[in-house]
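Right, one structure below, let's go through it.
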Amino acid sequence: MYLVLATASGNRSADAGPSPAADLLSLDAAGNPSGTRLTVALQNLPDVVRGLEQDRPRWVWQRTQDWYPALLRAGVSVEKCHDLTLCRNILVYSEFTASTGYPRANMALPVEGASDSRPGVPNQDSLFDSQVQQRGPGLEELCADLRAQLAAVRDTGEQAKLSLLLAAESAGTLIAAEMQHTGVPWREDLHEAILQTHLGPRPEGMRRPEQLERLAARLRDLLGVPGLNPDSGQELLRALHRSGVEVKTTRSWELEQLKHPAIEPLLAYKKLSRLFAANGWAWLDQWVAGGRFRPEYVVGGVVSGRWASRGGGALQIPRQIRGAAFADSGYKLIVADAAQLEPRVLAALARDTKMAEAARDKDLYAGIAAQGFGGDRAKAKVALLGAIYGATTGESGRLMPQLTRTYPQAVGYVEDAARAGEKGRIVTTRLGRSCPPPSTAWMAAQRSTTAEEQRRADGAARSRGRFTRNFVVQGSAADWAACWMAELRRRLRAFPSEVPGGAAADGGPAGVPEMVFFLHDEIMVHARDEDVDRVCALLEEAARAATQLLFGQIPIEFPVNITVVQSYADAK
DNA sequence: GCACTGAGCGCG
DNA sequence: AAAGCGCGCTCAGTGC
């Protein structure tokens, strides 16, 4: 059963009435009304939702981000939902729905990307965002959209995959909101200790920290430029050239190749200034509060289906400061990552039995090395990643023929994706997420007449080929990860009932294992010491379930590496 | 003063 | 050794 939740029609104008409200309507599996319309004052909504949740409906709303954060703040969680905006974006582009009327009918509608629609900071003054109260579409509109989406899924030959994708992605939006609500346990004191060790004490005002200032002074001295600002690439490049250091850029890896007294302090400066600017005291002030780091995750923020994040650089937490992510007393951080997810996904997609054999082992690269690279694991890894990314030069490019001989199926799969992309065609992930079509400018350029234009168009075609080549693998890996998370969430929600006294005495969720972080192929759970073993088992169970959902019975393992730690720095 | 781009570097 | 994919963030530099 579906329960559609919309802004009440009475308060969608700019001059919203004094009592903002929401409309509710239940629909049957086909999307037809199966109950009476209900209007609820927003202040009562959490209680109403909690009550209706007993029937285990699938909540349907314009965007999970519109409603769910406030419900979570009010202590209410839901089991499942359908995020209309996210699902519409998938269905509009999916190759599976191309033969239905859905893309054409919905393409023209303003497709609100998950990334452009709302400010990053929720309105804390009221329970729900004022946007929801005043500008949300009405119930009829949402019901019509849901019916159209259900029909589009039904009209394809791939109903099972597509409905799984929509359910998993929608579950992802719930998880994202829940993880933002919970936050990563973050010890400010440990973070500050790391900063102190590397940079010195917190500087006053806008000044550089002690250690950065010392390195800057040394650089000015060594390069003979008294006023040098090492943060300026242009100044730095000029100064290096004057000192006889012939570099094209100031990239660290290029500088590392050279011998000059200034190189070592310069590399040190770059490393430290990065720490200071990106994850220093200002970051701590802005993003960590009450012992939790709460970034915003953007589900569907990447075309391939990966998550993006907004604020705090959640998906780029440098190893340097991971020591500050630290479990509460009596708890552990359970960090699980899917081992070599993308190569395994490729083997499964391509049904490459030879590669599947190599993937029998927990270390896939070692298996590949044994089969075709004389046991050289490093070579095997470079070759396989090169195939997935489309490397043409360097060692990786040179190893391609060797890889192709051993795994014609797998290499053929990504080659086909690349050729399709070069021709301007669409490619699709396992569950039916398709890549965006090329722009009209790209298409026009492919018909260029002059030699110079044609050369550029060929370059653009190869570039798109690398994109589509990678898309099928990265995107299918994202499909797998979405299912993994959704399966884990379902199991974790059942957790308290399995463990006597699992819920806190006050009835709140304290003590229950919580997902607190997700990074493409890695999940972090914060759990009490006594729950660790059970959670580890659930992580592996969920991974097996995800594999079954995507590929059915297949002789390829998707092993999960799990480490149980106090500190994130100790994972891996 | 504000918006934007490119360089550079963090993550997978 | 550091290219081949996908991102976000900060700073310098530029243009209005």
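So you know, we letter chains A, B, ... as the sequences are listed, proteins then strands, and number each from 1.
Looking at heavy-atom distances under 4.0 Å, Arg464(A) makes no contact with the nucleic acid at all. Residue contacts for Thr250(A): at a heavy-atom cut-off of 4.0 Å it reaches the sugar-phosphate backbone alone, with no base atom in range. Using a 4.0 Å heavy-atom distance criterion, Arg469(A) is classed as making no nucleic acid contact. Across all strands, Gln320(A) comes closer than 4.0 Å to no nucleic acid atom at all (heavy-atom distances). Within the 4.0 angstrom heavy-atom criterion, only backbone atoms of the sugar-phosphate kind lie near Gly311(A); the bases stay farther away. Nucleic acid contact for Arg466(A): sugar-phosphate only, since backbone atoms but no base atoms lie under 4.0 Å from a heavy atom of the residue. No contact: Val473(A) has no heavy atom under 4.0 Å from any strand. Residue-level contact check: Ile317(A) touches the backbone only, with heavy atoms under 4.0 Å from sugar-phosphate atoms and none from bases.
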For DNA chain C, the dot-bracket pattern of Watson-Crick and G-U pairs whose distances stay under 3.5 Å, | for other-strand partners: ....||||||||||||

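Considering all non-hydrogen atoms of both residues, Leu341(A) and Trp480(A) come closest at CD1-CE3, 3.7 Å. Ala417(A) and Thr468(A) get closest at one heavy-atom pair: O-OG1, 2.8 Å.
A residue-by-residue look at Thr393(A) and Gln474(A) shows that Thr393(A) has its nearest nucleotide of DNA chain C further toward the 5' end.
Interface limits on DNA chain B: the 5'-most and 3'-most nucleotides within less than 4.0 Å of chain A heavy atoms are dG8(B) to dG12(B).
The side chain of Ser309(A) sits closest to dG8(C) out of dC5(C), dG8(C), dA2(C). Relative to the side chain of Gln316(A), the nucleotides dA3(C), dC9(C), dC5(C) differ in distance, and dC9(C) lies closest.
How far NE2 of His181(A) is from CZ of Arg294(A): 7.5 Å, rounded to the nearest 0.5 Å. A distance of 12.0 Å separates CG of Leu212(A) from NE2 of His198(A), quoted to the nearest 0.5 Å.
The distance from atom CG of Leu399(A) to atom C1' of dG4(C) is 13 Å, rounded to the nearest whole Å. Atom CZ in Arg310(A) sits roughly 15 Å away from atom P in dC7(C) (whole-Å rounding). Glu254(A) has its CD atom 12 Å from the C1' atom of dA2(C), to the nearest Å.
Ion pairing of Glu541(A) with Arg544(A) is absent here, as no side-chain N (NZ or NE/NH1/NH2) approaches a carboxylate O to less than 4.0 Å. A salt bridge links Asp231(A) to Arg208(A): one of the charged nitrogens lies within less than 4.0 Å of a carboxylate oxygen. Glu169(A) and Arg433(A) are joined by a salt bridge, as a carboxylate oxygen and a charged side-chain nitrogen come within less than 4.0 angstrom of each other. By the 4.0 Å N-to-carboxylate-O rule, Lys354(A) lies too far from Asp352(A) to be salt-bridged with it.
Evaluation of the side-chain contact (heavy atoms from CB on, under 4.5 Å) rule for Arg455(A) yields Glu452(A) as partners, not counting sequence neighbours. Every residue meeting the side-chain contact (heavy atoms from CB on, under 4.5 Å) condition with Trp287(A), not counting sequence neighbours, appears here in chain and number order: Trp283(A), Phe293(A).
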With the sugar-phosphate defined as primed atoms, P, OP1 and OP2, and the base as all remaining atoms, what B/S/- string results for nucleotides 10-16 of chain C, 5' to 3', for protein heavy atoms under 4.0 Å? SSSS---

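With a 6.0 Å radius and a threshold of 12 heavy atoms from other residues, nucleotides or ligands, Lys381(A) has its NZ atom at or below the threshold.
DNA chain C lies under 4.0 Å from no heavy atom of any residue of residues 421-429 of chain A.
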